Amino acid sequence: MDFELKSLSPTQAAPWAVDALLVLVPDAVPKKTEAGALPQLVAEAVQRGDLESGAGKQLLCYRPAGFKAARVLLVRVGDGSAASVRKAVAAGVSALKQPGVKKLGLLLSLFDADSHAVRSAVQACADATYVYTATKPSAKARSLQQVVVGVAQAPAVRDGFDAGRALVTGVEFAKEWANRPANHATPSMLAEAARKLGRQPRMKTEVLGPKHVEALGMGSFMAVAKGSAEPLRFIVMHYSGGAKDAAPVVLVGKGITFDTGGISIKPAAEMDEMKFDMGGAASVLGTFAALAELQPAINVVGLIPSCENMPDGMAVKPGDVVTSMSGQTIEILNTDAEGRLILCDALTYAARFKPHSVIDIATLTGACVIALGGVRSGLFSTRDDLAQALQQAGEAALDPCWRMPLDDEYAEGLKSNFADMGNVAGRAGGAITAAKFLQKFTAELPWAHLDIAGTAWKGGAAKGSTGRPVPLLLQYLLDQVASGKAGGATPRAKTRKAAKA
Ligand code: BES
Ligand code: MN
Ligand code: ZN
C-alpha cells in the first residue's frame, strides 16, 4: 500500500480526485464554517444531528454535490488523540472496504492532527485492510492501493508520517511471518527472510547453524532443538545507523516455529496456535524491516534463536541436565518451558555487544495471558530507567505493556538438587518465575523482558498475528535517537569526553 502526505485545507478537499474521501470530524466543529462544499457539509450534518459525537460515529454521503469523490465518509474523531484517531480511521476504512475504493483521501485538517495522530492514522489504515495471502491465494487481496493523507501543514507532521509508514512495513512483516503455518516458516525460512533484510542499506545478517551453535556452547538451546528434524538457526542481525562506537540496543526474539511442548506434550486443543510461538522473532524481524526503511541514527543488534520444540526419540527428556553457554547447568523438568531455554543462551551471547540495553521479546508463558490478557504485554526489568522508557514507548505507540515484579523470592522454586537451577517453578506466578529464570543469564546487563504471550496474536474468528510489539519497539528505538542516549548523534566515547571536560 502506498502512502502520501499532503497539505490540504478543508476547502480544498471537495475537488480532490479520490475514490473515497474519509473526513475525520472533531468534537469541536467551528460553528461558523468556511465556504466550500466540505465545511458546509460537515456543518450541516452536525447541526441537523445526523453526525453524532463520539469517536467512530459516522455518516456516509454518496455523490454529494460539489465533490469529486463518489463516497464521502464523515467520521467522528472525538478529541483527536492518537487513540481516537486509530478508532475513527479503523471504523472508517472498514466501512469503505469496497472493490471500487482503490485510492483513499484521508482528511485530517479539520482538527489539529499532530505527528502521533498522523502516525496512528497511517497505521490504522494498514491494520484495517491487511490480508494474509501466503498460503491462501484465494483470499481477496487488499483493494485499497493508495492513501493520501491531507493535513493542515505537511512539514509539521512529516516525522510522524514517515514513522507510520515504516511501522506499517514492520508490522506487516511481523504479521506475515507469524501468521505462516510452521511448515511455511521453519527456522531456515526465518533465517532466509532475515538474510534478505540484510541486503538493505546499513543492514547485515549472519546465520549460525548447529555446528556453530555447538561450538559456542549453547547447550540449552541445542537441547530444545534435538527432537526436531528441522535444523536450528541462530540469526544475528545488525542495523548500523549510529556512530561506530555507539553501544547498540540488542533485541532478542523467541523463535520457536512450533511448540508441541516436546515430551511434556501439550493437549491437542488449539495446539495449532503454537505456530505463533515465534512472535518474538517476528517482532524483531519486523522492527528491522522498519529500521531499514526509516534509517534512524542508532545501532541495533537482533538475535533470534530459532527451532522447533518436538517430541521424538532424540528429544530432550524431563530430568535431563544441560549446560548453558553461561556455564550454569539446568535441569529440564518440563520440556514445554522451552522458550527460556533458547533465550538464556541468546542472552549470554548478547553480552559480547556491550549493549546499551538488551530487550528480549517472547511468547513465554500462558500465565502472562492469565495475568494481563490480550491488552498489555508483560514487562520485566531490573532497571527502572529502562522499564520506564519501554512503558512510555508502549503508551505513545498505543502498544502498551505493564511492569511486573522481580523480587528474589520468586526464584525460590527454581532451585534444583541436580543442577544450578530447574527450568520451571510451581504454577503460581508463572510469568514472573520465567522472568526470574532469564534474569540468571543477564548478570550486569541493562535488561528487560517482554512477555507477549497474550498480545502477539488473537485467537477465535479473528485468529491472526497482531504484529505487536513492533510499534512499542520502534518507538523505544526512536526515543533513544531523539534523546541521544543510544547509538545516536552522541557516540559513547564523545559523551565520556564531554563529561570529563
Ligand atoms: N509458548 C508457550 C507459552 C504460551 C502458551 C503462549 C499459551 C501463549 C499461549 C510456552 O513455551 C509454554 O509452553 N509455557 C508453559 C510453561 C510451563 C510449562 C511452566 C506454559 O505457559 O504453560
Ligand atoms: Mn512451551
Ligand atoms: Zn513456547
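Computed from a prediction, not measured in an experiment: that's the story for all the values here. In listed order, ligands and their atoms are each counted from 1. This chain uses plain numbering: 1 for the first residue, then up along the sequence.
- With a heavy-atom cut-off of 4.0 Å, Glu273 does not touch ligand 1 at all.
- A salt bridge is defined here as a Lys NZ or Arg NE, NH1 or NH2 lying under 4.0 Å from an Asp or Glu carboxylate O, and Lys436 with Asp408 meets this definition.
- Annotation: atom 8 (C) of ligand 1 to nearest protein heavy atom, Trp457 CH2, 3.3 Å.
- Pairs passing the side chain to side chain donor-acceptor pair (under 3.5 Å) check and including a residue from residues 380-390, sequence neighbours excluded, read Asp384-Arg403.
- Taking atom 12 (C) of ligand 1 as the reference point, the nearest protein heavy-atom neighbour is Asp336 O, 3.2 Å.
- Near Asn334, meaning under 4.0 Å from one of its heavy atoms, ligand 1 places the atoms 18 (C).
- Taking atom 4 (C) of ligand 1 as the reference point, the nearest protein heavy-atom neighbour is Gly366 N, 3.8 Å.
- Applying the side chain to side chain donor-acceptor pair (under 3.5 Å) definition to pairs two or more places apart or across chains, those involving residues 212-235 are Ser228-Glu308.
- When the Zn ion (ligand 3) is compared with the N/O/S atoms of Glu338, atom OE2 turns out nearest.
- A cation-pi arrangement is absent between Arg165 and Phe161, since the terminal nitrogen or guanidinium carbon is not both under 6.0 Å from the aromatic centre and inside a 45° cone about the axis.
- Closest to atom 3 (C) of ligand 1, if we only count protein heavy atoms, is Leu364 O, 3.5 Å.
- Scanning for side-chain contact (heavy atoms from CB on, under 4.5 Å) contacts around Thr260 gives Phe258, Met271, Met310, Pro311, with sequence neighbours left out.
- Residues Val358 and Thr442 form no side-chain contact, since every pair of their non-hydrogen atoms from C-beta on lies 4.5 Å or further apart.
- Scanning the protein for heavy atoms near atom 7 (C) of ligand 1, the closest one is Met274 CE, 3.6 Å.
- The aromatic rings of Phe234 and Tyr349 stand perpendicular to each other, their planes meeting at an angle above 60°, with 30° marking the opposite boundary.
- A salt bridge is absent between Lys254 and Asp360; no separation between the charged side-chain nitrogens and carboxylate oxygens falls under 4.0 Å.
- For the Zn ion (ligand 3), the N/O/S atoms of Lys254 include one lying under 2.8 Å.
- For ligand 1, the atoms sitting less than 4.0 Å from at least one non-hydrogen atom of Val424 are 19 (C), numbered in the order shown with element in parentheses.
- Counting the atoms of ligand 1 from 1 in the order shown, those under 4.0 Å from a heavy atom of Lys254 are 1 (N), 10 (C), 11 (O).
- Looking at Asp259, its N, O or S atom nearest to the Zn ion (ligand 3) turns out to be OD2.
- In Lys458, the NZ atom is not crowded: 12 or fewer heavy atoms of neighbouring residues, nucleotides or ligands sit closer than 6.0 Å.
- Nearest to the Zn ion (ligand 3), among the N, O or S atoms that Asp277 has, is OD2.
- Side chain of Thr335 to backbone of Gly261: a donor-acceptor contact under 3.5 angstrom is found.
- Without hydrogens or angle criteria, Arg340 side chain to Asn423 main chain gives a donor-acceptor distance under 3.5 Å.
- Between Arg340 and ligand 1, a contact under 3.5 Å exists for no N or O pair.
- Looking at Thr365 next to ligand 1, no N or O pair under 3.5 Å apart turns up.
- With a 6.0 Å radius and a threshold of 12 heavy atoms from other residues, nucleotides or ligands, Glu270 has its CD atom at or below the threshold.
- Of the protein's non-hydrogen atoms, Ala453 CB, 3.6 Å is the one closest to atom 6 (C) of ligand 1.
- Between Glu338 and ligand 1, a contact under 3.5 Å exists for at least one N or O pair.
- Contact annotation: Phe258 has no heavy atom less than 4.0 Å from any atom of ligand 1.
- In this model, no donor atom of one side chain and acceptor atom of the other lie less than 3.5 Å apart for Asn179 and Ser465.
- Neither the backbone nor the side chain of Ile256 comes within 4.0 Å of ligand 1, counting heavy atoms alone.
- Not a single donor-acceptor pair under 3.5 Å links the side chain of Arg76 to the backbone N or O of Ala55.
- Between Val369 and ligand 1, a contact under 3.5 Å exists for no N or O pair.
- Within the 4.0 Å heavy-atom criterion, neither part of Met278 lies near ligand 1.
- Contact atoms of ligand 1 toward Thr363: 1 (N), 2 (C), 3 (C) (distance under 4.0 Å to a heavy atom of the residue).
- The distance criterion of under 3.5 Å between nitrogen or oxygen atoms is met by Lys266 with respect to ligand 1.
- Closest protein heavy atom to atom 2 (C) of ligand 1: Asp259 OD2, 3.6 Å.
- Between the side chains of Thr455 and Ser377, at least one donor N or O sits under 3.5 Å from an acceptor N or O.
- One N or O on the side chain of Asp320 and one on the backbone of Lys317 form a donor-acceptor pair closer than 3.5 Å.
- The neighbour count for Lys275 NZ, taken as heavy atoms of other residues, nucleotides or ligands under 6.0 Å away, is above 12.
- Inspection of the Ser115 and Asp159 side chains reveals no N or O donor paired with an N or O acceptor under 3.5 Å.
- If you look at the Mn ion (ligand 2), the protein N, O or S atoms less than 2.8 Å from it are Asp259 OD2, Asp336 O, Asp336 OD1, Glu338 OE1.
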